[in-house]
Amino acid sequence: MTLALVAGDMVRRTMGQSAAALAGDAESIAVGMAPGGMQRKKMSSFGSANSYDDEGGSRGGGGRAEPPKAAAPVAQMGAPLEPEMEEDADVSADKDGAAAAPTRAWFPETFLFEPLVVTDANGQATVPVRVPDRLTQWRVLALAHSRSGAQAGAVTSFAGTLPTYVDPVLPPFLRAGDTVRLPVQVVNTTDKTVEAALKVDVKGAEVEAGARTVRVPARGSVVELVTVKAGSAGPVTVRASLGDTDAVVRDFDVWATGQPVVQTRGGSLAAPRTLSLTGPADAQAGSERLRLQVYPGALGVVRAELTAVERRPVDVAGDAYALLLAGQAPELLKALGETADPAALKALALVSTQRVLRAARAPTVDVATRLAEGALAHPDNPVLARLGERLVAQVAQAQRPDGTCQGGEGWTLQRLLVATADCARVVRAAQGTSEGKQRAAAFTVRASGVVERYLPQVKDGYTAAVLLAEGAAEGSVADTLRTRVREALKSGADGTAWLPVEPDTVRADGQQPSEAEATAMAVLALQGDAKAPLPDLGAWLLAHYTPGLGWGDGQANRVGLRAALALFKAPLPAQVRVTVARDGQVVTEGTYDTKALREVLALEAAAPGSAGTHAWTVRAEPAVPGLGFSLALSAAVPWKGEAKGGLQLAVTGPKEARVGQLTSVRVQVGAPSSLPLRFQQDLPAGVQVDPASLDALVSSGQVTGWDVQDGALSLSLAPREQGAPVQVEFRVLPTLAGTLQAGASRLDVPGRPDITASLPPSTWAVR
């Protein structure tokens with residue numbers, strides 16, 4: 001039996017739906033939930049903004065579960081846990097000593113997914129669950145099947161409610177300096193009028209007139225307005241209580257209004273790393289924050305690649321890489337302390353085999369070089385094993401008498417050397433027989449002669465790295481090439497290192513390699529070199545890995561994975577304690593467990609007092625070479641209007657706006673002709689854009705596209721003729737009354753940081 005417990009009532013979570021919230025409406029939605037969706041990684045010591053978050057069960061009392069008639073009991077409430085809040089004693093109890101109401105603080109939309117529940121002989125089973133604190137109508141979907149294949153399903157529901165309850169309507173965010181009137185809804189579901197004490201306490205901001213007595217008619221509701229003043233940036237927690245019948249805790253963030261300034265440093269957790277960061281002297285209060293991202297090592301990369309490789313664009317290099325990964329994954333995972341999924345690997349091998357066989361019908365030497373290793377990685381498959389041997393023989397036969405491999409009209413010496421090194425690697429991959437060993441030895445000797453002969457012409461770091469990584473050089477020649485690779489490395493201000501790619505440098509296929517591929521080649525080339533900054537190269541490589549795309553195409557991913565495995569061979573420990581200290585004083589710390597170590601993790605904490613230059617130390621206990629990190633110190637400084645590259649910007653907001661009424665914002669732009677422009681406006685809290693007005697701008701051709709994310713509106717403006725002014729007007733809908741700070745207005749040309757204009761934040765009055 002598969003059980004999914006699904007719920008709705010999202011209207012009261014955001015100010016975007018405040019009208020429905022104030023009316024007390026609740027809607028029921030049906031959303032499928034993936035296994036584990038309820039599990040949320042949470043470590044309060046890592047700077048969690050919500051001190052009331054719970055990792056598994058409810059920390060509040062919850063609503064009373066009222067199952068409808070004929071509904072079997074499906075849930076059991078656990079004993080509620082009362083959240084803690086740093087406040088005076090009367091926050092958790094009335095001044096006269098009366099007990100406080102149970103506090104509701106856990107509000108998931110969907111809280112249960114049970115993919116397998118085995119019933120008894122009568123077809124019955126009990127699933128104990130803890131009902132969340134959300135007051136809404138819950139829907140239960142049950143799908144069942146028998147061993148004989150019979151199937152059935154049912155949907156039922158139950159209500160989680162209270163006789164009387166309180167519900168503050170909070171915005172997703174406020175900005176520092178905002179003064180707002182927050183609606184607090186009080187609902188009475190009984191047949192008698194209720195008169196009770198309403199109290200609103202706020203942690204992280206100021207509240208005015210937070211205590212009063214309310215009178216709610218039978219089967220009715222009232223809305224009380226409470227004034228909240230947001231001071232500095234940071235988390236805000238609101239606790240609203242209604243006598244001794246109900247209490248609810250919700251939170252949101254206060255954003256800084258200044259211009260963000262971010263400094264980033266990186267490295268490896270192989271040893272304690274001390275970095276120098278200089279915080280701005282004029283940072284706004286509460287805006288200084290620290291963020292540490294820890295990137296997975298070889299195990300995380302292998303797991304991510306196995307998940308994503310089949311969904312990537314189809315090409316010869318990508319198919320060959322997928323086949324190679326499917327063949328090598330069992331041994332790789334075993335060496336890293338993980339168990340392979342045979343079914344998943346079999347499916348990946350089947351798909352990539354079909355693609356490779358199509359590409360190998362009449363392969364060129366270049367294609368044979370790409371496909372051979374992947375085919376040889378499957379010795380138990382006779383078709384692939386024979387294909388791999390045939391492809392290697394073709395590559396070996398392509399070696400010319402002078403020792404080079406491939407080549408053609410228009411080829412540069414640099415490309416010819418890289419292609420020869422590729423061929424040498426492929427031929428050495430088939431040494432399972434005495435014939436294969438002799439063939440590889442003969443090929444490598446002639447290829448090494450080519451490298452030695454043309455060594456003075458190898459000027460760039462990428463070519464030198466390829467010749468070393470693919471085993472085409474040895475002895476003094478290899479020493480010279482290693483020196484050239486080290487000299488070509490670049491170091492960033494964040495402490496990482498990478499190998500840049502010189503102009504006109506290409507791979508064997510004629511494409512220019514990415515810096516990620518070049519850096520991976522440098523890692524492979526400098527293995528065992530005591531002078532090489534391998535941890536810094538590894539940190540850069542991990543930081544530039546994207547689970548969906550990897551490091552680029554199939555060629556780059558093949559090299560990148562080899563480099564990650566070479567750097568981070570040891571299995572990850574069960575737990576790693578990570579500490580971040582400023583001038584020797586710990587700012588934040590936490591423990592990553594085994595499962596967390598396989599993912600990209602972020603640790604955040606407030607960092608007040610970071611102005612000026614400080615020494616920041618990142619330490620892992622035990623030290624883990626297989627993990628890279630990126631440390632970012634961010635702050636917000638006062639905005640200053642600027643205009644560069646001939647851009648001009650003027651924004652006219654509403655003189656006085658009203659809640660629930662559309663109002664207009666006018667944008668005037670001046671810019672050189674033929675430049676595509678992007679306008680961005682950070683909207684005040686509780687202000688929504690009117691999609692119809694933006695769609696009208698697109699239809700008229702004034703705007704080519706628009707997007708709204710995290711309270712910011714972005715407009716794409718098409719290039720215009722010489723001297724043609726640009727003026728666009730769109731409408732917005734305020735849903736929150738008060739004095740609200742709009743963020744900065746910005747105008748720029750994508751990809752051209754030298755052409756930009758900005759305006760400082762403005763203040764809106766909403767009645």
Side-chain angles (χ1 to χ4, degrees), residues 309 312-327 349 351-378 381-431 435-436 439-440 442-444 446-448 450-451 454 462-463 466-467 469-472 504-514 517 521 552-559 562:
V309 67
R312 290 175 182 156
V314 177
D315 59 24
V316 173
D319 295 340
Y321 169 65
L323 187 61
L324 177 66
L325 183 60
V351 172
S352 53
T353 296
Q354 294 172 358
R355 296 173 177 173
V356 166
L357 290 176
R358 284 197 299 268
R361 291 173 181 171
T364 62
V365 176
D366 177 58
V367 171
T369 304
R370 295 167 182 264
L371 301 180
E373 284 184 291
L376 291 172
H378 297 265
N381 185 320
V383 175
L384 290 177
R386 287 194 297 268
L387 174 63
E389 180 63 30
R390 176 168 61 85
L391 294 174
V392 169
Q394 180 181 356
V395 173
Q397 293 171 3
Q399 189 176 34
R400 295 186 174 89
D402 65 352
T404 60
C405 183
Q406 299 191 61
E409 184 177 353
W411 279 49
T412 63
L413 175 62
Q414 181 268 326
R415 182 181 178 185
L416 182 62
L417 292 175
V418 169
T420 301
D422 279 355
C423 292
R425 183 196 73 252
V426 170
V427 173
R428 285 198 307 276
Q431 299 189 62
E435 179 185 356
R439 178 178 57 201
F443 193 103
T444 302
R446 291 193 292 268
S448 298
V450 174
V451 176
Y454 292 109
Y462 171 74
T463 303
V466 171
L467 297 177
E470 309 299 27
D504 302 324
T505 300
V506 297
R507 308 185 305 197
D509 60 0
Q511 301 295 318
Q512 186 176 38
S514 65
E517 181 181 343
M521 282 291 187
D553 60 9
Q555 164 77 357
N557 286 327
R558 177 185 65 80
V559 178
R562 281 180 59 197

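The structure presented is a predicted model; accordingly, all values stated were derived computationally and were not measured. Counting from 1, the numbers follow the sequence of the chain as shown.
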Exercise for the section: Give a yes or no answer on whether the side chain of Gln431 reaches the backbone of Arg428 with a donor-acceptor pair at less than 3.5 Å. Expected result: yes

Exercise for the section: Kindly say whether Phe443 contributes a backbone atom to a donor-acceptor pair with the side chain of Gln399 at under 3.5 angstrom? Expected result: yes

If you measure from [atom1] on [X] to [atom2] on [Y], what distance do you get to the nearest 0.5 Å?
X      : Y      : atom1 : atom2 : answer
Arg390 : Arg386 : CZ    : CZ    : 10.5 Å
Gln394 : Cys423 : CD    : SG    : 10.0 Å
Arg446 : Cys405 : CZ    : SG    : 10.5 Å
Asn557 : Leu324 : CG    : CG    : 11.5 Å
Asp315 : Asp509 : CG    : CG    : 10.0 Å
Thr420 : Tyr454 : OG1   : OH    : 9.5 Å

Are [X] and [Y] close enough that some pair of their side-chain heavy atoms sits under 4.5 Å apart?
X      : Y      : result
Val356 : Leu387 : yes
Leu417 : Val450 : yes
Arg558 : Gln555 : yes
Gln511 : Asp553 : no
Asp504 : Thr412 : no

Exercise for the section: Show your working on side-chain contact (heavy atoms from CB on, under 4.5 Å) between Val316 and Leu371 and close with a plain yes or no. Expected result: CA-CA 8 Å; Val316 173; Leu371 301 180; 3.7 Å; yes

Problem - Whether over 12 other heavy atoms sit under 6.0 Å from Gln512 CD - result: yes

Exercise for the section: Inspect the contact between Arg507 and Glu470 and indicate whether a charged nitrogen and a carboxylate oxygen are less than 4.0 angstrom apart. Expected result: no

Could you tabulate the donor-acceptor pairs under 3.5 Å formed by side-chain atoms of residues 357-368, not counting sequence neighbours?
from: Thr364; atom 1: OG1; to: Val367; atom 2: N; distance (Å): 3.2
from: Asp366; atom 1: OD2; to: Arg370; atom 2: NE; distance (Å): 3.3

[X] versus [Y], closest heavy-atom pair with distance:
X      : Y      : value
Val426 : Ala372 : CG1-CB, 3.5 Å
Tyr462 : Val506 : CE2-O, 3.8 Å
Leu323 : Ala375 : CD2-N, 3.8 Å
Ala508 : Asp422 : CB-OD2, 3.4 Å
Ala421 : Val466 : CB-CG1, 4.0 Å
Val309 : Ala322 : CG2-CB, 3.6 Å

Problem - Under the salt bridge (charged side-chain N to carboxylate O under 4.0 Å, His left out) test, residues paired with Arg355 that sit two or more places apart - result: Asp319

